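Computed from heavy atoms alone, side chains included, the values below leave out hydrogens, waters and symmetry copies. None of the values given here were measured: they were computed from a predicted structure. Numbers here simply count residues along the sequence, with the first being 1.
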Amino acid sequence: MGVWVERGGRMAEDARGWGRRDLLRRGLLVVSGVAVGAGTSEAWWSGHRKLPIAGGPASATLGNGQQDVGSGALEVIWSAPTNQRLVALTFDDGPAPQWTPMVLDTLAEHRVPATFFMVGAQVHRHADVVRDRLGGHEVGNHSWQHRDLAELDADEAYDDLRRSHDVIAELTGSPPVLLRPPYGHLGGAVLHAAARLDYRLVLWSLQMVEREFPDDPAGHARRIVAGVRPGTIVLGHDVGARRRLVALRGLTDMINGLRSRGYTFVTVSALLGAGVAPPPTR
């Protein structure tokens, strides 16, 4: 039988008074707790593919040898740190014969350069849609088939991006230097693969919001124009659900509205090469 003593206003059992039965009972509780913890750990372990984690989706390293990662560094960009009124329009997921020519026609009419993050399988399927129409524009890599690269291991992510990289290089005559992963999802394997290909990893700082403006292209354009700041990278799409056409049909209003605010349109790479804001003086 245990002995209870007063400690700090509470009654606590003195361990010296534990009997054999008490010790056995407490030992069983500890063991069962360890078993529950081990079971939870095992469930987590079995629920994640390609484990152990090293080399899997979460890992930005591959193996124990020298890492083959190009220049050995990776830049992740949401916007450009500039005081100049510069903005970069970007369009994801194409090319597509129904929408991409519409975007290219509008951009050509207003002499606006843009950056297209293209899906390799779409390039392979619809190269003729954009062939000889990309002068002045920039093409970045958006994966081979728009799979979530953050769910792939390092080799799978690299193979996917390399396949798309090669078909884009064949189309444009120069290898892409920018990557935008599908859904903006970053994982260790994505970072490792991007570094191997010497990419700059480009996300965005303002997204077109077509759902908020059904059947109102002008209203959507005003929303985007009001949201742009110097160095903004705008995310749009030249393929997808029909609701996205609201943004594309308002593209002229968007261009005119931004120009009326003194903005100049540039590609992402040109934006990143622009003058950087001076450091604070105090």
Side-chain angles (χ1 to χ4, degrees), residues 77-80 85-119 121-123 125-126 129-130 133-143 145-146 148 168 178-185 202-272:
I77 297 147
W78 287 263
S79 62
R85 286 185 172 254
L86 301 175
V87 58
L89 297 181
T90 69
F91 298 91
D92 286 10
D93 300 352
Q98 304 92 331
W99 293 19
T100 308
M102 178 197 318
V103 175
L104 288 170
D105 287 347
T106 303
L107 296 176
E109 178 183 353
H110 297 281
R111 298 184 180 180
V112 169
T115 301
F116 292 84
F117 287 96
M118 293 188 175
V119 173
Q122 289 289 98
V123 173
R125 190 176 298 119
H126 302 300
V129 171
V130 292
R133 297 205 63 187
L134 295 173
H137 300 300
E138 181 175 35
V139 178
N141 194 341
H142 197 44
S143 82
Q145 213 162 20
H146 211 276
D148 188 349
I168 290 171
L178 305 178
L179 166 66
R180 176 173 287 162
Y183 316 108
H185 285 184
V202 177
L203 300 176
W204 59 89
S205 53
L206 184 64
Q207 181 173 354
M208 297 189 188
V209 285
E210 300 93 343
R211 290 181 187 275
E212 297 179 16
F213 295 88
D215 304 316
D216 187 8
H220 180 267
R222 287 193 296 272
R223 160 72 164 75
I224 299 302
V225 169
V228 167
R229 301 290 182 269
T232 293
I233 296 174
V234 182
L235 168 64
H237 296 83
D238 58 332
V239 64
R242 289 190 61 79
R243 62 177 169 76
R244 286 180 173 162
L245 288 172
V246 166
L248 302 188
R249 288 171 178 154
L251 192 53
T252 291
D253 287 344
M254 202 180 301
I255 292 168
N256 290 336
L258 285 168
R259 278 184 169 155
S260 72
R261 292 185 57 202
Y263 278 91
T264 298
F265 296 92
V266 293
T267 63
V268 168
S269 287
L271 179 66
L272 298 179

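- Counting heavy atoms from C-beta outward, Ser269 and Leu178 have side chains that approach closer than 4.5 Å.
- Within the 4.5 Å cutoff, the side chain of Val129 has heavy atoms near those of the Pro101 side chain.
- Proximity of Arg111 to Phe265: side-chain heavy atoms (C-beta onward) are nowhere separated by under 4.5 Å.
- Here the side chain of Thr115 pairs a donor or acceptor atom with the backbone of Val268 at under 3.5 angstrom.
- Closest heavy-atom contact between His220 and Ala247: CE1-CB, 3.6 Å.
- Among residues at least two apart or in separate chains, ring-ring contact (aromatic ring centres under 6.0 Å, His included) pairs with a member in residues 90-112 are Phe91-Phe116.
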**OP:** Using the side-chain contact (heavy atoms from CB on, under 4.5 Å) rule, take Leu248 and Leu245 through it: C-alpha gap first, then chi angles, then the decisive distance, then the call.
**Re:** CA-CA 5 Å; Leu248 302 188; Leu245 288 172; 4.2 Å; yes

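- Atom CE in Met208 sits 6.0 Å away from atom CG in Leu251 (nearest 0.5 Å).
- The shortest non-hydrogen separation linking Gly136 to Pro113 is O-CB, 3.3 Å.
- A heavy-atom distance below 4.5 Å is not found between the side chains of Val139 and Val130.
- Here CD of Gln145 is found 9.0 Å from CD of Gln122. Values are rounded to the nearest 0.5 Å.
- Smallest separation of non-hydrogen atoms from Gly184 and Leu203: CA-CD2, 3.9 Å.
- Closest approach of Leu272 to Ala80, counting heavy atoms only: CD2-CB, 4.2 Å.
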Just distance, no hydrogens or angles: give the donor-acceptor pairs under 3.5 Å from side chains in residues 223-240, sequence neighbours left out.
from	atom 1	to	atom 2	distance (Å)
Arg229	NH1	Ala226	O	3.0
Thr232	OG1	Arg229	N	2.8
Thr232	OG1	Arg229	O	2.7
Asp238	OD1	Gly94	N	3.2
Asp238	OD2	Thr100	OG1	2.8

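- Remark: the backbone N or O of Arg261 is paired with a side-chain donor or acceptor of Arg85 at under 3.5 angstrom.
- Within 6.0 Å of atom CZ in Arg211, 12 or fewer heavy atoms from other residues, nucleotides or ligands are found, so the atom counts as exposed in its surroundings.
- Taking the six-membered ring for Trp and thresholds of 30 and 60 degrees, His146 and His142 have ring planes more than 60 degrees apart, a perpendicular arrangement.
- In this structure, CZ on Arg222 lies 6.0 Å from CG on Asp216, to the nearest 0.5 angstrom.
- The structure places CG of Leu271 at 11.0 Å from OG1 of Thr264, a figure rounded to the nearest 0.5 Å.
- Smallest separation of non-hydrogen atoms from Ala270 and Val266: CB-CB, 3.9 Å.
- Under the 4.5 Å side-chain criterion, counting only non-hydrogen atoms from C-beta, Asp105 is in contact with Arg133.
- Shortest non-hydrogen contact noted between Ile168 and Gly140 is CD1-O, 3.6 Å.
- Residue Gln207 holds its CD atom at 9.5 Å from OG1 of Thr90, rounded to the nearest 0.5 Å.
- Residues Arg180 and Asp93 are not paired through a salt bridge, judged by the lack of any N-O separation under 4.0 Å between the basic side chain and the carboxylate.
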